[in-house]
Trainee: 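This is the structure I want to talk about, given as structure tokens.
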Protein chains: 2
Amino acid sequence: MTSDTRAKMVAGAADLMSRRGVNATSMREVVRHTGTPRGSIGHHFPRGKQQLIEDALVFAGKQVSGPLEHLVQSRGAIAGLRAFIALWRQTLEKSKFQAGCPVLAVAVEQYVNDATEKDGAPDEAAQRHLLDLADGVFADWQRIMFTALRREGVAPARARRLAALVIASTEGTVAMCRAARSAQPLDDVRQELELVLSSALPK
Amino acid sequence: MTSDTRAKMVAGAADLMSRRGVNATSMREVVRHTGTPRGSIGHHFPRGKQQLIEDALVFAGKQVSGPLEHLVQSRGAIAGLRAFIALWRQTLEKSKFQAGCPVLAVAVEQYVNDATEKDGAPDEAAQRHLLDLADGVFADWQRIMFTALRREGVAPARARRLAALVIASTEGTVAMCRAARSAQPLDDVRQELELVLSSALPK
DNA sequence: AGCTGGCTATGTCAAGCGTCATAGTCTAGC
DNA sequence: GCTAGACTATGACGCTTGACATAGCCAGCT
């Protein structure tokens with residue numbers, strides 16, 4: 001049903017975005033990188049690059065939230081934190097610190113498409129929509145952490161703040177690891193976050 | 001001595017990088033944005049865009065580390081944390097959540113220059129150098145925080161981890177605020193970080 | 001057999017990019 | 001006054017990009 005080619009393009013776009021960023025990821029490179037046919041782009045993504053990025057974004061979001069949600073529900077908040085961080089560590093190390101988080105890339109860059117913006121003004125609505133999607137992914141991850149903390153007895157406001165801290169610091173650390181080409185920051189941050197969470201849980 | 005035009009270009013490049021990212025920041029736009037002459041680019045930056053980015057990067061680093069170092073030395077680690085976060089909050093709000101951190105942009109993207117890379121391989125050395133500079137900036141900020149914590153009695157290893165947590169989570173939060181177009185995450189994270197630091201300081 | 005519709009192949013288009021080269025302007029020092 | 005050198009203006013070159021158009025392929029159905 002949903003074409004295999006299409007899925008490969010979305011996954012390839014997510015990967016390239018996590019390495020190069022949004023603007024440095026061209027559709028031509030996506031098809032080169034995935035061995036998919038260039039002619040199919042217009043077919044599978046009639047709205048063009050914007051649509052491909054959108055799909056790659058929610059794809060990347062689900063790829064994390066799926067396992068995370070499952071693990072958090074079966075083994076609790078701290079195990080979820082460990083898994084979340086381990087997952088990023090794996091992404092970093094497997095790619096020799098070249099790949100990062102595509103969602104972060106969208107949140108940090110501004111997608112500009114010269115082709116569709118002949119008039120001077122950049123398409124504000126398109127950019128807003130991408131940010132909305134990125135925000136949605138972050139919110140989703142945060143919600144998973146939030147729910148786990150609530151279930152383990154943390155007060156609502158505190159749980160919200162802690163969830164924000166976990167997601168934000170992990171994302172930031174991934175970028176720092178990329179810059180340092182080392183996983184050391186991830187270890188440091190994980191250690192401190194575990195301390196914070198375990199001391200926030202009621203004894 | 002150092003030309004005024006040159007300084008404006010560097011500052012403008014840093015600003016644009018913080019809004020659009022590295023690859024979406026073109027030299028032509030830098031000169032448009034700063035009202036500086038296009039012809040001067042080659043004069044002030046003989047190594048081209050790469051050099052402009054490098055300069056913008058260390059410029060942005062110093063712009064933060066200067067005030068931060070001063071404040072931390074006179075009023076301590078927690079005041080430094082507050083100032084660090086307040087500074088980013090200001091950047092976000094003044095730009096209506098359009099500007100972020102140029103250093104983070106370099107850490108998240110991969111700078112590709114089609115003009116100099118006619119051969120298939122992207123210039124790996126250039127990219128490595130940019131990452132080194134970004135890593136240096138992060139390390140510098142971290143060092144300031146680390147020193148303050150040490151001075152206030154925190155053990156070395158712990159101080160290193162806490163400094164990493166502070167920098168990483170702040171950077172990540174800035175990106176999240178941009179996605180959400182809200183400063184709420186910054187507030188949440190600041191609150192939790194203050195708790196962490198104050199409970200880590202010896203009573 | 002014939003058609004039809006999902007998919008693929010390939011080329012063109014306008015626009016932007018970074019770089020380079022050439023020529024012009026301004027100013028400080030003699 | 002003049003000249004040297006720092007700076008600025010402008011255009012060309014070769015390239016890539018996203019979008020679009022045209023044409024071809026190849027199942028599955030009638």
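Naming convention: chains lettered A, B, ... in sequence-line order (proteins, then strands); numbering from 1 in each chain.
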Trainee: Using whole Å, report how far CZ of B/Arg6 lies from P of D/dA6.
Mentor: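 Between P of D/dA6 and CZ of B/Arg6: 15 Å.
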Trainee: For a quick test of reading the model: is some side-chain N or O of A/Asn113 closer than 4.0 Å to OP1 or OP2 of D/dA19?
Mentor: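 Yes, within the criterion.
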Trainee: Restricting to non-hydrogen atoms, name the atom on B/Arg178 and the atom on A/Val108 that form the minimum distance, rounded to 0.1 Å.
Mentor: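 Nearest pair, atom of B/Arg178 first, then A/Val108: NH2-O, 3.3 Å.
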Trainee: What is the separation between atom CG on A/Asn23 and atom C1' on C/dC17, rounded to the nearest whole Å?
Mentor: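 Distance, rounded to whole Å: 13 Å.
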Trainee: Nearest-nucleotide wise, let me know which of A/Ser26 and A/Pro46 is further upstream toward the 5' end of DNA chain D.
Mentor: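 Mapping each residue to its closest nucleotide by heavy atoms, the 5'-most match is A/Ser26.
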Trainee: Could you tell me how far apart A/Ile53 (CD1) and D/dT17 (C1') are, to the nearest whole angstrom?
Mentor: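 After rounding, the gap between these two atoms is 13 Å.
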Trainee: Just how far, in rounded Å, is P of C/dG18 from NZ of B/Lys49?
Mentor: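 Taking atom P of C/dG18 as the reference, NZ of B/Lys49 is at 5 Å.
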Trainee: Does a salt bridge link B/Arg181 with A/Asp132, judged by any charged N lying under 4.0 Å from a carboxylate O?
Mentor: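 Here B/Arg181 pairs with A/Asp132 in a salt bridge, since their nearest N and O are under 4.0 Å apart.
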Trainee: Between D/dT8 atom P and B/Lys8 atom NZ, what is the distance in whole Å?
Mentor: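 The answer, rounded to whole Å, is 10 Å.
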Trainee: Within the sub-3.5 Å range, which N or O atoms of nucleotides 8-13 of chain C have a protein N or O partner, and how far apart are they?
Mentor:
unit_1	atom_1	unit_2	atom_2	d
C/dT8	OP1	A/Thr5	OG1	3.2
C/dT8	OP2	A/Ser40	OG	2.3
C/dT8	O5'	A/Ser40	OG	3.1
C/dG11	N7	A/Arg38	NH2	3.0
C/dG11	O6	A/Arg38	NH1	2.9

Trainee: Does A/Ile167 reach the side chain of A/Phe84, with side-chain heavy atoms less than 4.5 Å apart?
Mentor: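 Yes - at least one pair of side-chain heavy atoms lies under 4.5 Å apart.
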Trainee: Atom CD1 of B/Ile41 to atom P of C/dG18: distance rounded to whole Å?
Mentor: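 Atom CD1 in B/Ile41 sits about 8 Å away from atom P in C/dG18.
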Trainee: Nearest heavy-atom pair of B/Ala164 and A/Asp188: which atoms, and what distance?
Mentor: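 Minimum heavy-atom contact is CB-CB, 4.3 Å.
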Trainee: Between B/Asp140 and B/Lys62, is there a side-chain N and carboxylate O pair less than 4.0 Å apart?
Mentor: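 A salt bridge is absent here (no side-chain N lies under 4.0 Å from a carboxylate O).
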Trainee: Atom CG of A/Leu16 and atom P of D/dT17: how far apart are they, to the nearest Å?
Mentor: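 Nearest whole value for this atom pair: 12 Å.
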Trainee: Could you check how far CG of A/Leu52 sits from P of D/dA19, rounded to whole Å?
Mentor: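 So the two atoms are 10 Å apart, to the nearest Å.
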Trainee: Which heavy-atom pair separates B/Ala168 from A/Ser169 by the least distance, and what is that distance?
Mentor: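 Scanning both residues, the minimum pair turns out to be CB-O, 3.9 Å.
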